[in-house]
Amino acid sequence: MAKQDIPKRSDIPKAYDAASYEDGIYAAWEASGLFNPDNLPGDRPEAFSIVLPPPNVTGTLHMGHAVMLAIEDIMVRFARMRGKKALWIPGTDHAAIATSTKVENILFKTEGKTRHDVGREDFLRRVEKFAQDSHDTIVDQCRKMGASLDWSREAYTLDAKRNHAVNVAFKKMYDDGLIYRGHRVINWDPVGQTTISDIEIVYKEVEATLYTFRYSRDFPIAISTTRPETKVGDTAVAVHPDDERYAAFIGKTFENIPFAGTTISIKVVADREVDPAFGTGALGVTPAHSLIDADIAARHGLAMRQVIGEDGRMTADAGSLVAGQTTREARETVAAWLRAKGLVEGEEKTTQNLATAERSGGTVEPIPMLQWFVAASKEFVRDGKTVSLKSLTQDAVRSGSVKIIPERFEKGYFQWADNMRDWCVSRQLWFGHRIPAWYRGDEIVVSEIAPEGDGWTQDPDTLDTWFSAGMWTFTTLGWPEKTADLETYHPTTILETGYDILTFWVVRMVTMTTYLLGQVPFKTVYLHGLVRDEQGRKMSKSLDNIINPLDMIAKYGADATRLSLVIGSTPGNDSKLSEEKVAGYRNFTNKLWNISRFVLSSVDDTLPSPSKGEGQGEVYGGPTPLTLADRWILSRLDAVVSSVTRKLEANELSSAGEELRDFTWNDFADWYLEIAKIEKGKDAILMDVLETLTRLWHPFMPFVTEQIWSSFKGTTLMVEAWPTVENRRDESAEREFAVVQDAVTTIRNIRATQRIEPAKKVAATVGNAAILAHADVIKWLARLEDLSLSDKPGIQLVLGDMDMVAERARLEKERDDLSAYVAATDAKLANVEFTSKAPEKVVAGMRAKRDEAAAKLAAIISQL
RNA sequence: GGGCGCAUAGCUCAGUUGGUUAGAGCGUCACAUUGACAUUGUGAAGGUCGGAAGUUCGAAUCUUCCUGCGCCCACCA
């Protein structure tokens, strides 16, 4: 390396200031085009692909996104450095209901208008403007995080290409009979004025009154309910078939019972779903306003009577007493009527799980409506086998084609997949993929474009946002066209996302992809946990405990932010984040920076570059043979390369990072660099370790490593090769060096506890205090490696002084310890009773370890 | 009601198929300080691994039960 290539120490700032480098580095990466795998150098037969779980265009990125970006970027950068064709596709999600609700709220707050006041066209314009702004913010934040996303392939769940794909998929499913239009009981959100799916419901525990009553004085069976207002829609009473109390009434119909302002007819049916032990053991069946009742009604062919409307009020059909009232008002009205008529047999306070809409907060009402559904269990033939969307979804994971990390979440997956029901996909929202169905009178045509002829109108509804999200791995790669990208990158290598979205998204991706492509969407699912505050609470606006990733990046740098999110958190587990933690990793970033500063400023400019793969003694070319410390650090380096590689392959990111940190700080900086200050001729090794470390750290800390790299190489670190294991493992050196470390530590302890004042004085006289701090290191290395220290007389004095105290103390202490230890081990071994399992091996192992420890102690004593 | 997870140092967590004296970071305390770094260095203190029983020569680790937290799912009318 030529001298002019090495920056002078004075040229490199003492502290690493992330803010002054990061944006420039990212811009250079982006300009290089190397985020696009098509531009990567070399022959890359193996593909690696991740699609970014598209953030919702509802605002800005939070810590959850930052974790996702950090983890995925590590995976992608690692793959890229390992010579894979590494693709990471960015994108955003229109998040129909979430975005729509958000804009509606803003519209109402700022202008006092609803979406119906401004109309479909105007409303959509506003949503798109909002979505665009949000998109721009999100993209900028991804860049700040250092995410090596291929922006040339960026996608949006609602752009033209994805819309086309959605239409093609919808039509195919319709043609295959897997999408149908039907009049069924769905979850209706009266506030959002739309249907919602089961998983968009959140249950809240509320107090309720459980009324037990009879429809009329002469009705033979009493029933219980917390919702008397729905009872005007009852058409049956269901009892268990084995319930002797009611056996006589099964099959009978009680016609024209006057009830709360209307007239009802009740048939008594027997159904095994009824729990005879609950309440009176009889269930009033309201087919139109309860999903379970609708099922019972379907089994028994019962009439359906809708008494709650889309506005959340009682319909005219509900009868004169309650028509027009809200359900809450009607509940009191009916209860009052029952009491007045003396029909109530019991009132009991109870808690009830109230279904509310996740986004709008409205109370969800089951209501029968004409909607579009995806048939979960309908069977069809695929490759000669009878399957269903449900069975395809189950089989992908059951067969091992999709692996979930951590494994325990497979239970959650099956819990959902096994109970998969028909999926209502139509939404009465304006923002989203419009359903490609056209109507003219009784005719229905499913088509992307309007059918021939006049008078066709398109379905006004849009699709559940998860319909298009479920197609994300392949629509981003060009489907339905048969593209080269699709061929190369699908199935994607890994899906990395939060565990909270497993049922929403992951399951649906498997369903859509296995059906449409006959492939799994990804081979592995890696689920990260939630980022909580330092007290373990969820971050939320109301608690005012949100840590904004951009603030952390501005203050401590993206590298530090990434490390704080990745190290110390394991898949599937929530992690806690505090500003102190980020600051801690900023310190580490700075440490690495200063390590490089030291190495670069101390290497000899005449040194040849290290050439690897030759005999150990000559590899580093210098006149001095490898010392113990050299052999030790190289051996450790090899071990770290090997271990970190294995861990990253296994997606053990946290553990890999911790090991690297430990080696970097505790081995390289604290020991080897200190030794290098005294022993010269280590330039090649210093450079070698620095270079390897920089490569190893790059996926975790892309910015600072790229910056360090640029100070001694003219290339782009991002596309450099991942380090490989050299043949430098040297276990005896590691053992021997451990002895030195032990010994040194002991002397330090003696010095610390006994206060060797003379040593301090001499050191002060010599004026070389920095070296004194490590005099013990030098001393022991000098002993073991027979180095001359004659050019540092001051140190010799210090060492001589220390020796007298240290050696005596150590000799006395260790000798006792050794004999006690050997005796204890022998006693232990004598007591071992051999079992039939693995006796010889076990005892041999213990004996070997004992001998090893004894040898270690003996070695120390012989040195003294 | 069903399922899952967690409990290890003051705090946050590692601990890979059971194996010597249970580790790290932060925090605390002591000492150090002009030559890479105070965003630093060297050390120390601090744990009967939630409780009980069991399996084993040996348990933080495996089994059972108990206690305390947390999460997910579910239409108990």
Side-chain angles (χ1 to χ4, degrees), chain A residues 9 12 14-16 198-199 203 210 223-227 230 238 273-275 277-280 282-286 290-295 352-353 355 366 406 408-409 411-412 415-416 419 499-500 502-503 530 534 536 556 560 567-570 572-578 580-581 583-602 647 650 652 654-655 658 661-662 666 669-670 673-674 677 745 748-749 751-753 755 760 763 767-774 776 821 824-825 828-829 831-835 837 839 842-843 845-846 849-850 852-853:
Chain A
R9 183 180 302 154
I12 307 176
K14 282 174 83 165
Y16 174 69
D198 295 345
I199 49 180
Y203 290 94
L210 182 68
I223 58 163
S224 298
T225 187
T226 51
R227 300 200 58 189
T230 65
E273 286 296 303
V274 179
D275 177 3
F278 184 87
T280 62
L283 165 66
V285 182
T286 321
S290 154
L291 287 141
I292 184 175
D293 291 8
D295 287 346
Q352 180 195 15
N353 276 334
R408 65 183 144 89
F409 279 89
K411 286 222 172 185
Q415 187 169 49
W416 201 87
N419 297 307
Y499 67 76
D500 52 328
L502 179 71
T503 48
L530 264 53
E534 53 196 311
Y556 303 107
I567 297 183
S569 65
T570 44
N573 295 324
D574 294 352
S575 57
K576 296 177 189 175
L577 184 71
S578 60
E580 288 72 45
K581 193 169 171 185
Y585 284 106
R586 185 270 320 267
N587 295 356
F588 177 70
T589 312
N590 191 57
K591 186 74 182 179
L592 187 65
W593 177 256
N594 275 293
I595 287 171
S596 79
R597 216 156 70 89
F598 172 77
V599 171
L600 293 174
S601 63
S602 64
K647 285 175 178 173
E652 292 168 18
S654 172
S655 177
E658 264 180 277
R661 182 192 179 284
D662 181 55
N666 300 335
D670 289 349
L673 291 192
E674 296 303 335
K677 287 175 181 171
T745 305
R748 278 174 180 158
N749 292 349
R751 191 186 63 192
T753 53
R755 302 280 182 89
K760 201 174 165 187
N768 202 337
I771 292 176
L772 172 62
H774 301 284
D776 31 23
Y821 176 77
T825 317
K828 246 182 196 171
L829 286 173
N831 284 334
V832 172
E833 284 184 23
F834 292 158
T835 67
K837 290 177 186 172
V842 171
V843 175
M846 288 177 68
K849 279 178 178 167
R850 193 271 318 261
E852 190 183 303

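Here is the naming used below: chain letters follow the sequence lines, and residue numbers restart at 1 for every chain.
- In this structure, the side chains of A:V599 and A:L673 come closer than 4.5 Å at one or more pairs of heavy atoms.
- Contact check, A:K591 against B:C37: no side-chain N or O comes under 4.0 Å of OP1 or OP2.
- In this structure, A:F588 and A:K411 both approach RNA chain B, and ranking their closest nucleotides by distance from the 5' end singles out A:K411.
- Going from atom CG of A:N587 over to atom CG of A:N594 covers 11.0 Å, rounded to the nearest 0.5 Å.
- The distance from atom CG of A:D670 to atom NZ of A:K591, rounded to the nearest 0.5 Å, is 5.5 Å.
- Using a 4.0 Å heavy-atom criterion, one finds that A:D295 contacts no nucleic acid atom at all.
- Among the atoms of the strands shown, base atoms are found under 4.0 Å from some heavy atom of A:Q415.
- Comparing A:T503 and A:Y16 by the nucleotide of RNA chain B that holds the closest heavy atom to each, the one mapping nearer the 5' end is A:Y16.
- At B:C75, one or more side-chain N or O atoms of A:Y203 fall inside 4.0 Å of OP1 or OP2 (strictly under the cut-off).
- Note: CG (A:L530) to P (B:C71) measures 10 Å, nearest angstrom.
- Counting non-hydrogen atoms under 4.0 angstrom, A:I595 reaches a base of the nucleic acid.
- Atoms CG (A:N587) and C1' (B:A24) sit 16 Å apart, rounded to a whole Å.
- The side chain of A:S654 places no N or O atom within less than 4.0 Å of a non-bridging phosphate oxygen (OP1 or OP2) of B:A14.
- When each of B:G25, B:U42, B:C37 is scored by its nearest atom to the side-chain atoms of A:N594, the top-ranked nucleotide is B:C37.
- The CZ atom of A:R661 sits 11.5 Å away from the CG atom of A:L592 when rounded to the nearest 0.5 Å.
- Contact annotation: A:K581 side-chain N/O to B:C26 OP1/OP2 distance is not under 4.0 Å.
- At the heavy-atom level, A:A583 lies nowhere under 4.0 Å from the strands shown.
- When distances are taken from the side chain of A:D275 to each of B:A36, B:G25, B:A77, the shortest belongs to B:A77.
- Taking atom OH of residue A:Y585 and atom P of nucleotide B:C26, one finds them 9 Å apart after rounding to whole Å.
- Going from atom NZ of A:K14 over to atom C1' of B:C37 covers 8 Å, rounded to whole Å.
- Partner assigned to B:A7 is B:U67, using Watson-Crick or G-U wobble distances below 3.5 angstrom.
- Across all strands shown, B:U40 pairs with B:A32; the Watson-Crick or G-U wobble distances both stay below 3.5 Å.
- The CG atom of A:L502 sits 14 Å away from the C1' atom of B:G3 (whole-angstrom rounding).
- One can place CG of A:N353 at 13 Å from C1' of B:C72, the figure rounded to the nearest angstrom.
- In this structure, A:E580 places its CD atom 13 Å from P of B:U12, rounding to the nearest Å.
- Among the heavy atoms of the strands, none lies under 4.0 Å from A:S596.
- Counting any heavy atom pair closer than 4.0 Å across all strands shown, A:R586 reaches a base atom.
- As judged by a 4.0 angstrom heavy-atom cut-off over every strand, A:R227 is placed among residues making no nucleic acid contact.
- A heavy-atom distance below 4.5 Å is found between the side chains of A:Y499 and A:L530.
- In this structure, the side chains of A:W416 and A:I199 come closer than 4.5 Å at one or more pairs of heavy atoms.
- The distance between atom CG of A:N590 and atom P of B:U40, rounded to the nearest whole Å, is 8 Å.
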